[in-house]
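In what follows, a structure is listed as structure tokens, so that the remarks can point back to it.
Model, not experiment: these values are computed from the prediction. Naming convention: chains lettered A, B, ... in sequence-line order (proteins, then strands); numbering from 1 in each chain.
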Amino acid sequence: MPYACIYVPNFPIAAVSRSEPELRARALAVLEGNPPLEKILVLNAKASALGISPGMTKSQAELCSELVLRPRSTLQETAAHAALLDCAQSFSPRVEDAACDTALIDLAGMESLLGNLPEIARNIFGRANTLGLDAHVAVASNPDAAALAARGFSGVTIIPCGQEAEALGLLSVEVLFTAKERDAAEEARLLETLDRWGVHRLRELAVLPEVALIERLGQEGLRLQRLARGAAARTLVPVEAPLVFEEAVELEHPILLLEPLAFLLNRLLEQICARLGSRALATQELRLTLNLDCFACLDEENCGIPSESDAASTQSQSQSRAACSFISSQQTQFCRTLRLPLPMLDAKLFLKLLQLDLNAHPPGAPIVKIHLAAEPARPRTAQGGLFRPPSPEPEKLELTLARIAAIVGKDRVGGLEMLDTHHPEGFCIQRFVSELARKSQRRKSSQAVTEKVPPEKQTEKRTGEEISTVTALRRFRPPLRAAVSLDNGQPVRVACAKVKEVNGNVLWKAGPWRSSGDWWEHTAWSRDEWDIALQNANAIALYRLVHDLLGGGWFVEGTYD
Amino acid sequence: MSSAVISTPAATGRLFVFDAEEIDSEAVAELRSGSGSARQFPGSAMRVPPKMADPRLAGITPASRLEAGPLPQMVSTGIPAIDALIGGLPRGSLTEICGPASSGRTTLLLAALAAATDRGEYCAIVDANDALDPQSAAAAGVQLEKLLWVRCGENSPQSHPSAKLRAGSDTENKNKKSLDKNRGSSLGRIESQQRLEQVLRATDLLLDSGGFGMIVLDLGDLPPQAARYIPLTTWFRFRRTVERTPTVLLVIEQQPIAGSCSSLLLKLGPANGSDALAQHRIIHADRDRPVHSKLLMGMNLTAEMLRARPQRKPACPVSVAFSSKTAWAG
């Protein structure tokens, strides 16, 4: 039964390199500890070549100008660990989370699906690279042998069944103690003992007599020898990796402009999309949380950070809402949520949408931390019909709507929905969605309510429409205030100061048509409508004249066109 | 079978395509040299040259008569009388519908939108003056869930006026100066320019997005002076963008503004008649009745085709009368 192991060496360094790929080519060290007592925890090979070693203080390391120092980030390591598990889960559902830098995969039965073992190992290696992890991959007949091989050999290693001892024999005994299961003192004691015996390689440990080893090191010695022989047998402990897709970055220096923010967002989005893609998922909701340095935000009203009450009031209405809350005396949290009509997986699209959203709602204060979370969703499977009329692509449409909203305003673009009222402006603007999104929504609603319109009813409706052409009204928004001369309560002359065409004697009139509504609310309305004809240049134009019975005043509401 | 293309000077550069196997080399040589005044085609190249009477040259087709591309697919306007006049609205082309107030432009627009949404197409209307009446649209049969409404106006996030609709910074400076002199009129102009900028940018985005069966620019309430601020290059760009798409680009306006970029130009107006009020289906008998018993029943209108690209400009204006009725007329 084959097992694969993915091991990420120098995990804190790998986590930093994943967030900042440009640091891969430079000497890098990760610091740990509270200032000013920070010390180097780990470093990469280039930093070692410069003479830097773990344990050096920050002030010592800073003497080397070529060295890049980064503080250890739990957020980055958590995200890297999640990416490691995502990589493993994309090949098999049986995955053991052996350590923060190690994942074991049960490959039993996967050969028929994914190819032979070397091919699978190469694919795992490639997938890990795609997710930003420089990993070692090893395949062996038992999980411990695979883990040891992954720790000891770089790149891709395949150990044939029965040759574990020979393959692992070249490795140093130190690989046995990097599992972090024991405390450092115990590890150091065992290593010192083996060193005194002259045992430096696993093959040397493997050939020691079992009984004598147990007499000196106890059962732990036997366990280590079995590991060295590649003969340890144990059952994999599979875990179900939670579907949490979050990436975060803490900034050493606050960001003041949106352009560098977009650069970082792009990186985070690419990482999230790669992780979602590896799990065959997409997302329908993105949550961006920015920690702001509130000392720099002197005037909250001018800086664009909405207050909590504002955020709460708009929460139910807007698709992407803002929230602002104080998390400490120094920092403020600024949240934006991007909801999509369909599950999508396009980092560039997400970046554009977030950019447009942030342009419309700027955070207004320097940003010190960026946190991005994606709500996973199953990717859409609907396919456009061959003979169906084309409809806008959901991704393009979403971007187009966001761009148009940036031009005309968010509440001034969308689809129409008529409200159940007699009010002349009884409609609302709703989100415009494409055919695929509509199908998806319909499918969801049909699961709850199985109500269908009979096809014959639709046919009837169409034939009824074909018969007549309906006279349309063009509205003036806002309605034009007019001075109206009355004769016996009827308009005889209309004068509108704003539009010179709407002036003159009333040639013909019909009305009044009285309507009212919402009398139980403060938005009550009551009006008399007149249809009037006025001389307009060489022709006659028809207008709708309205007398507001509650507020008073006459208005030209529109023209029949 | 091979072919040859020959340009004759008398035909002012027009190309003729020959089927080389069907004509002899002598005739081709004569045509190529252009010798013989009898074979020159003075005036219009559409004339049939004397040599064409030769049955051997029956296969020769003037290049001007060749179709450069397939004719655009025509879709219904939703009004049978207008369909009979213009054959429908061409896809992949720009169509202008002009006319004054109460000439039926919006009625035709809503009928076309209703027909398009009924075909299952998605439509977009870029409304320069926020003039669309949703109740009229619903009454006309427009499937509102398939209609994208872009409401342009001055209350936009980008409140700065446009300075690049027609010219560069000079125009902006002039606008600022005139704003100081005559604030009222300048404000109106700047507002119109701002609306226009929004309309054009939104239309660009919608055309680039693709997938819409019909995109409408409603400039019906914009003053013609403001509408003329749109540069001709913009219309060329729209025409080129929409050219190879199945989208109908429709412009509603008071006067034609797109020039030769539009494939179809339709002018609407009230019906001709002796009684102006009768144009609007206000019955004579109603005049003596009290106003509360009168009812606006609809409008009698005419549509005149001023230009159609496939047929070029018609020799004489062709028009058709049609009528609409109000939603409450039953």
Side-chain angles (χ1 to χ4, degrees), chain A residues 360 388-393 396-397 399-401 403-404 406-410 412-418 424-427 429 432 434-435 438 461-462 465-466 468-477 490 501 507-512 530-531 533 536-537 539-542 558-561, chain B residues 79 100-107 110-111 114 118-122 130-131 133-134 136 138-141 144-145 147-153 155-158 198 201-202 205-206 209-213 220-221 246 269-270 276-277 279-280 282 291-292 294-296 298-299 324-327:
Chain A
R388 295 179 68 84
S391 73
E393 282 181 42
K396 276 188 177 181
L397 179 66
L399 189 56
T400 303
L401 291 178
R403 283 177 169 159
I404 293 176
I407 296 170
V408 300
K410 191 167 181 59
R412 296 181 69 84
V413 58
L416 273 165
E417 184 181 6
M418 301 302 294
E425 295 279 17
F427 68 91
I429 298 286
F432 186 76
S434 65
E435 181 71 26
R438 206 178 302 281
K461 185 186 167 193
R462 179 61 201 143
E465 284 166 8
E466 279 173 349
S468 63
T469 305
V470 177
T471 304
L473 178 74
R474 288 183 72 84
R475 287 192 174 272
F476 299 128
R477 290 194 178 93
Q490 299 173 9
E501 287 84 5
L507 302 179
W508 177 88
K509 54 184 172 290
W530 295 79
D531 295 328
N536 187 353
I540 286 177
L542 295 169
T559 174
Y560 292 102
D561 185 34
Chain B
I79 300 176
S102 295
S103 61
R105 299 164 301 171
T106 315
T107 300
L110 293 185
D118 195 62
R119 289 191 296 270
E121 296 172 3
Y122 280 77
D130 196 10
D133 179 36
S136 297
L144 297 180
E145 71 273 10
L147 178 66
L148 174 65
W149 186 18
V150 182
R151 309 168 69 182
C152 301
N155 299 324
S156 67
Q158 297 176 350
Q198 291 179 2
R201 289 177 65 186
L205 289 169
L206 288 170
S209 169
F212 288 96
D221 288 339
L277 286 177
Q279 296 165 6
H280 300 295
I282 300 163
V291 288
H292 62 265
K294 291 180 182 176
L295 200 61
L296 178 65
M299 294 193 292
S324 67
K325 65 178 183 180
T326 49

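Closest approach of B:T106 and A:A472 over heavy atoms only: CG2-CB, 3.7 Å. Across all their heavy atoms, B:D221 and A:F476 have their closest contact at OD2-CE2, 4.3 Å.
Per-residue heavy-atom pair counts under 4.5 Å with chain B were compared for A:R474, A:K396, A:M418, and the maximum is reached by A:R474. Heavy-atom pairs under 4.5 Å with chain A were tallied for B:A131, B:G213, B:P246; the largest tally goes to B:A131. Across A:L397, A:I429, A:L416, the residue that shares the most heavy-atom pairs under 4.5 angstrom with chain B is A:L416. For the set B:S103, B:A111, B:G269, B:P100, the count of heavy-atom pairs under 4.5 angstrom toward chain A peaks at B:S103.
A side-chain donor-acceptor contact under 3.5 Å links A:R412 to the backbone of B:R151. In this structure, B:S102 contributes its side chain and A:D561 its backbone to no donor-acceptor pair below 3.5 Å.
B:L205 contributes atom CG, which lies 8.5 Å from atom CG of A:L399 (distance to the nearest 0.5 angstrom). Distance CZ/A:F432 to CG/B:L144: 11.0 Å, rounded to 0.5 Å. Distance check: A:L473 CG to B:D133 CG gives 4.5 Å after rounding to the nearest 0.5 Å. Atom CD1 of A:I540 is separated from atom CE of B:M299 by 12.5 Å, given to the nearest 0.5 angstrom. Atom CZ of A:R477 is separated from atom CG of B:D130 by 4.5 Å, given to the nearest 0.5 angstrom.
Between the side chains of A:T471 and B:S324, at least one donor N or O lies within less than 3.5 Å of an accepting N or O.
Contacts of A:F427 with chain B are made by side-chain atoms alone, with heavy-atom separations under 4.5 Å and no backbone atom involved. Within the 4.5 angstrom heavy-atom criterion, atoms from both the backbone and the side chain of B:P134 approach chain A. For B:R119, the part sitting under 4.5 Å from any heavy atom of chain A is the backbone (N, CA, C, O) and nothing else. Heavy-atom distances place the side chain of B:L110, and not its backbone, under 4.5 Å from chain A.
For the pair B:L206/A:I404, a side-chain contact is recorded, criterion being any heavy-atom separation below 4.5 Å from C-beta on.
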